[in-house]
Amino acid sequence: MNFREVEKKWQNIWEKEQRFKAIDFDDKPKYYILVEFPYPSGAGLHVGHTPNQIAMDIIARKKRAQGYNVLYPIGWDAFGLPTENYAIKNGVSPVEATKRNIENFKRQIKSLGISFDWSREINTTDENYYKWTQWIFLQFFKKGLAYKATVNINWCPKCKIGLSNEESEGGVCERCGTPTIQKPKTQWMLKMSAYAEKLLQGLDETRFWENIKTMQRNWIGKSEGTLLHCSLETGDLFDIFTTCIETIYGITYFVLAPEHPLVEKLKDKIENYDEVLKYIEKTQRKTEFERTQLIKEKSGCQLKGIYAINPINGHKVPVFISDYVLANYGTGAVMAVPAHDERDYDFAKLFNLPMIEVISGGNIKERAFEKGEYLGKNCKLLNSDKFTGLTVEEAKDSLNKYLEENKLGQKIATYKMRDWVFSRQRYWGEPVPLVYCEKCGWVAIPEKDLPVTLPKVDKYHPTDDGESPLSRIDDWVNTTCPCCGGKAKRETDVMPNWAGSSWYWLRYMDPNNNKAFADFEKMKYWGKVDIYNGGGEHVTRHLLYARFWHKFLYDNGFVPFSEPFDRRVQQGIILAADGSKMSKSAGNTVDPMLYVEKYGADVARLGQMFMGDYVEAKPWREDTMKPCEKLLNRIVALKDKVQKGDYRNNKNIVALSIKDIDEDIENLKFNTAISQIMVLTTALEKAELVTDEDFKVLLKLLNPFAPHISEELWVEKGYIGRIDENWPTYDEKDLVVNIVEIAVQINSKIITRVNIDTSLEEKDIIKNVQSDEKIAKALQNKQIIKSIYVPNRIINIIVK
RNA sequence: GCUGGUGUGGCGGAAUGGCAGACGCACGGGACUUAAAAUCCCGAGGUGGCAACACCGUGUGGGUUCGACUCCCACCACCAGCACCA
């Protein structure tokens with residue numbers, strides 16, 4: 001059989017029949033399978049795309065055969081820097097490059113026989129799509145969740161672009177690897193922090209893997225504690241946040257972030273302001289990366305002449321600034337309790353500051369006695385006025401109560417998760433649909449005028465001061481204010497790459513709607529994504545952004561359910577053959593399409609799924625291709641052995657295979673599912689008689705994995721009905737075998753293996769086993785204490 | 001340091017607390033062939049032994065259990081993420 005010809009033939013038939021079209025409002029139960037839509041780069045599909053599309057295709061085809069109305073869509077997340085950089089380099093318009101890349105991707109995906117519903121294809125750079133991205137942004141704007149702020153942003157001097165924290169992890173630009181610097185910039189921000197608690201709580205509604213939930217929880221980073229209102233001798237007020245209010249009597253100084261507004265405010269009163277200023281400048285020169293890397297050694301500077309008051313007892317303590325206190329976490333100020341915090345301890349040693357032990361049980365001469373050590377250990381408070389003698393847990397409660405009653409503080413939660421920097425001074429993104437009017441301020445473009453289309457430009461590179469190339473087009477920038485009709489200027493920033501992917505699963509439900517981003521009733525029908533497959537690298541960014549947008553839309557009545565995804569699963573990263581990371585720079589990338597050319601789509605599909613556990617990281621191996629090719633050839637050959645018969649002749653192995661493969665697919669254990677297909681094939685090859693019914697089951701089980709060859713064989717055999725309907729089932733009693741070989745142990749040591757008749761009673765089985773020659777011999781002169789029989793597995797006889 | 005994950009043959013990997021190593025790769029032997037490729041058959045965790053067989057084996061050390069790759073405790077190594085988070 002010529003695999004490649006057969007594959008082409010079936011791909012054409014499926015396309016003509018629109019075999020995989022999902023039907024809105026169909027009576028069948030729905031099942032929504034989502035893979036992260038690819039970024040159509042010039043390089044074509046890579047090994048990060050193909051396994052997940054194949055894996056979800058297996059599930060999609062199985063679910064269809066089981067009678068589900070399956071929605072398995074695909075589209076293109078096409079805005080972004082690589083295309084823009086390509087455009088800058090080659091002078092090709094990003095529109096043109098994107099179009100070409102998408103054509104290539106489509107051809108490649110189709111050649112793999114992935115059963116996407118192509119009638120729902122979407123593209124984030126399509127005006128009819130980004131119109132709604134802009135529309136959603138305007139809803140944020142109208143609710144006050146989009147705001148402009150001057151923030152120190154991570155700035156890539158090479159790309160000339162502001163990056164979010166997520167995009168500059170490790171202090172280098174995610175795209176080009178250049179170290180980022182800190183640069184003040186006015187940016188659009190989305191107030192994601194307002195959704196921190198909802199994003200945290202919502203996880204309980206999902207069935208994400210526990211480790212994914214944990215990663216999101218850690219990213220959101222909730223910590224509960226006390227907001228303490230403090231004051232300086234000067235009368236200036238400031239707040240600090242602490243999770244250890246029980247140590248409040250141990251405060252011997254306070255530390256402010258160098259950027260704290262009070263520092264500037266008090267410059268006339270600080271006796272050593274020159275020195276302070278020097279320290280601040282030193283801090284500012286450091287990027288966030290350096291500031292957090294050049295740690296270990298504490299540094300700081302006292303604000304001489306400035307004293308703060310401990311609100312609980314009025315004690316006067318000194319105030320420092322230090323770069324270990326971050327301006328953007330908590331309140332940018334901390335209380336320092338060197339006796340019970342390691343960082344404060346180090347700092348206090350350095351500056352020779354006093355310590356007050358307020359929790360018993362440690363030895364503060366040696367080191368700080370921290371909360372990790374004293375919590376839950378019944379430790380009691382010392383030197384804490386009327387709270388002395390209470391346990392830490394009691395003290396927390398009493399202190400919080402006392403502080404609240406006296407308006408000195410309150411219990412609050414803080415979150416690590418920051419707001420989302422939403423502006424990019426680039427070209428290839430959705431224009432932010434706002435104008436600035438001297439009179440009216442920032443004004444939204446009216447909905448009827450959406451989309452604000454991306455104008456053509458001559459140069460795609462940002463201006464040298466880092467502004468968007470759009471800012472060069474005067475007649476586009478200058479416009480009229482929709483509010484007062486006066487002169488106004490358009491916002492020239494565009495949205496980040498993540499915008500279009502923050503709602504795309506909703507668009508698939510109704511991709512051509514021009515009245516709304518999706519029809520409400522259709523969203524109700526399709527509901528949550530049942531299974532969402534993607535890469536681990538997106539767990540804390542895309543997945544949070546997407547949930548954030550969805551929850552916002554839900555809160556405003558635009559979508560009918562509060563969490564977008566039910567299950568989230570992720571494929572393991574594919575490594576190079578030697579186990580190292582694949583990367584263009586290392587030159588060890590693998591083009592999965594080569595294997596489609598070499599072996600055909602079905603072999604390439606099987607081979608990739610057979611490489612190992614789908615969810616674990618694993619090296620790419622070519623040596624799985626040949627055995628999969630062999631498997632298909634064996635099944636082709638088996639066809640000629642099949643005899644007429646509408647009954648299963650090989651009941652047991654067939655039933656067992658249905659059960660295993662069914663469960664394996666549900667659990668993403670594609671590698672063991674394929675090995676079971678191999679086992680079944682071998683069994684049928686060895687069987688005396690293989691009926692049509694036996695063979696039909698094999699073909700149906702094979703179909704999700706190797707859809708082309710299996711369907712070709714099905715049709716060649718002239719079988720009635722379609723291969724991809726009526727997923728095979730089995731009778732429980734066919735799983736039972738009468739005679740099985742089990743191991744027999746004496747005192748947990750295997751003595752021999754015997755065949756037993758499973759239909760007998762347990763006591764008879766045990767009795768029969770004792771007459772076995774080896775067992776009988778071993779039991780001589782021994783007293784049997786008890787016998788354990790695990791059906792179909794083992795007998796263990798305990799003797800003395 | 002913190003968080004999450006992973007440790008099983010030469011390799012990829014299997015094992016609802018019940019015969020460790022399924023299914024493959026690579027390897028060895030054989031059949032077919034002038035030969036090779038392809039295909040098919042057989043073998044194979046390690047050590048010792050001609051063999052029957054014995055002993056040892058799932059990162060390390062303990063524990064629970066008739067029985068532990070699996071559960072519990074401690075530790076080690078590696079991978080990933082976060083990193084002075086108050």
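Throughout, protein chains are lettered first and strands after them, A, B, ... in sequence-line order, and every chain is numbered starting at 1. None of these values were measured; they are calculated from a predicted model.
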Let's test this: given Watson-Crick or G-U wobble pairing with both distances under 3.5 Å, identify the partner of [N].
N      : value
B:rG17 : none
B:rC25 : B:rG10
B:rA35 : none
B:rC40 : B:rG30
B:rC71 : B:rG63
B:rC2  : B:rG81
B:rC55 : B:rG46

[X] has an atom [atom1]; how far is it from atom [atom2] of [N], in whole Å?
X      : N      : atom1 : atom2 : result
A:Q216 : B:rA80 : CD    : P     : 21 Å
A:E370 : B:rA86 : CD    : P     : 11 Å
A:Y789 : B:rC19 : OH    : P     : 14 Å
A:I574 : B:rC79 : CD1   : P     : 19 Å
A:M609 : B:rG24 : CE    : P     : 18 Å
A:I220 : B:rG4  : CD1   : P     : 16 Å
A:Y253 : B:rA86 : OH    : C1'   : 11 Å
A:M678 : B:rA14 : CE    : P     : 14 Å

Using atom [atom1] in both nucleotides, what's the gap between [N] and [M] to the nearest angstrom?
N      : M      : atom1 : answer
B:rU65 : B:rC71 : C1'   : 10 Å
B:rA20 : B:rU58 : C1'   : 7 Å
B:rU8  : B:rA22 : P     : 16 Å
B:rA68 : B:rU60 : P     : 15 Å
B:rG9  : B:rG28 : C1'   : 16 Å
B:rG45 : B:rU64 : P     : 33 Å
B:rG46 : B:rG1  : P     : 39 Å
B:rA80 : B:rA74 : P     : 26 Å

Return the nearest nucleotide to the side chain of [X]; candidates are [options].
X      : options                : value
A:R621 : B:rU3, B:rC11, B:rG13  : B:rC11
A:E741 : B:rG24, B:rC55, B:rC19 : B:rC19
A:I788 : B:rG24, B:rA86, B:rG18 : B:rG18
A:I750 : B:rC53, B:rA20, B:rU3  : B:rA20
A:K669 : B:rA14, B:rC25, B:rC84 : B:rA14
A:D623 : B:rC19, B:rA86, B:rC25 : B:rC25
A:V790 : B:rG24, B:rG18, B:rA14 : B:rG18
A:S675 : B:rC23, B:rA14, B:rA20 : B:rC23
A:T214 : B:rC40, B:rU3, B:rC19  : B:rU3
A:D323 : B:rC84, B:rC85, B:rG24 : B:rC84

How is [X] classified with respect to the nucleic acid when contacts are heavy atoms under 4.0 Å: base, sugar-phosphate, or nothing?
X      : value
A:M215 : nothing
A:Q745 : base
A:K630 : sugar-phosphate
A:N671 : sugar-phosphate
A:A333 : nothing
A:D613 : sugar-phosphate
A:K213 : nothing

Practice item. Go through A:F320 and A:F351 one step at a time and tell me if the ring pair (Phe, Tyr, Trp, His ring centres under 6.0 Å) criterion holds. Key: CA-CA 10 Å; A:F320 288 78; A:F351 288 93; 5.0 Å; yes

Between [X] and [N], is there a side-chain N or O to OP1/OP2 distance below 4.0 Å?
X      : N      : value
A:K618 : B:rC11 : no
A:Y324 : B:rA86 : no
A:K749 : B:rC19 : no

Practice item. Apply side chain to side chain contact (heavy atoms under 4.5 Å, CB included) to the pair A:R568 and A:W209, showing each step before the final yes or no. Key: CA-CA 7 Å; A:R568 163 79 184 193; A:W209 287 345; over 6 Å; no

Review point. Backbone N or O of A:S299 within a donor-acceptor pair of the A:Y279 side chain at under 3.5 Å?
Key: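 Yes, A:Y279 side chain to A:S299 backbone: donor-acceptor pair under 3.5 Å.
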
Practice item. Look at the side chain of A:Q302 and the backbone N and O of A:P318, then say whether any donor-acceptor pair between them is shorter than 3.5 Å. Key: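 Here the side-chain-to-backbone pair does not exist.
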
Practice item. Test side chain to side chain contact (heavy atoms under 4.5 Å, CB included) on A:M355 and A:T252 and set out the steps. Key: CA-CA 6 Å; A:M355 296 185 195; A:T252 53; 5.5 Å; no

Check your understanding: Quick one: does A:R793 reach the base of B:rC19 with a side-chain donor-acceptor pair under 3.5 Å?
Key ->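 No, the side chain and the base share no sub-3.5 Å donor-acceptor pair.
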
Point to revise | Assigned glycosidic conformation for B:rG63 [threshold 90° from 0] | key: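 B:rG63: anti.
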
Review point. Rounded to the nearest 0.5 Å, how far does CD of A:Q571 lie from CZ of A:F670?
Key: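 It comes to 10.5 Å.
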
Check your understanding: Which residue lies toward the 5' end of RNA chain B, A:K416 or A:I798, if each is placed at its nearest nucleotide?
Key ->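 Going by which nucleotide is closer to the 5' end, it is A:I798.
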
Check your understanding: Relative to the 5' end of RNA chain B, which residue comes earlier, A:T682 or A:R753, by the nucleotide with the nearest heavy atom?
Key ->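 In this pair, the answer is A:R753.
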
Review point. Do the two ring centres, one from A:Y253 and one from A:F347, sit under 6.0 Å apart?
Key: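 Between A:Y253 and A:F347, the centre distance is under 6.0 Å.
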
**Study point:** Whether A:H340 and A:Y374 hold their rings parallel, tilted or perpendicular, with breakpoints at 30° and 60°
**Key:**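 If you compare the ring of A:H340 with that of A:Y374, the planes turn out perpendicular.
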
**Study point:** From CA spacing to verdict: side chain to side chain contact (heavy atoms under 4.5 Å, CB included), A:T414, A:I412
**Key:** CA-CA 7 Å; A:T414 61; A:I412 61 157; 3.9 Å; yes

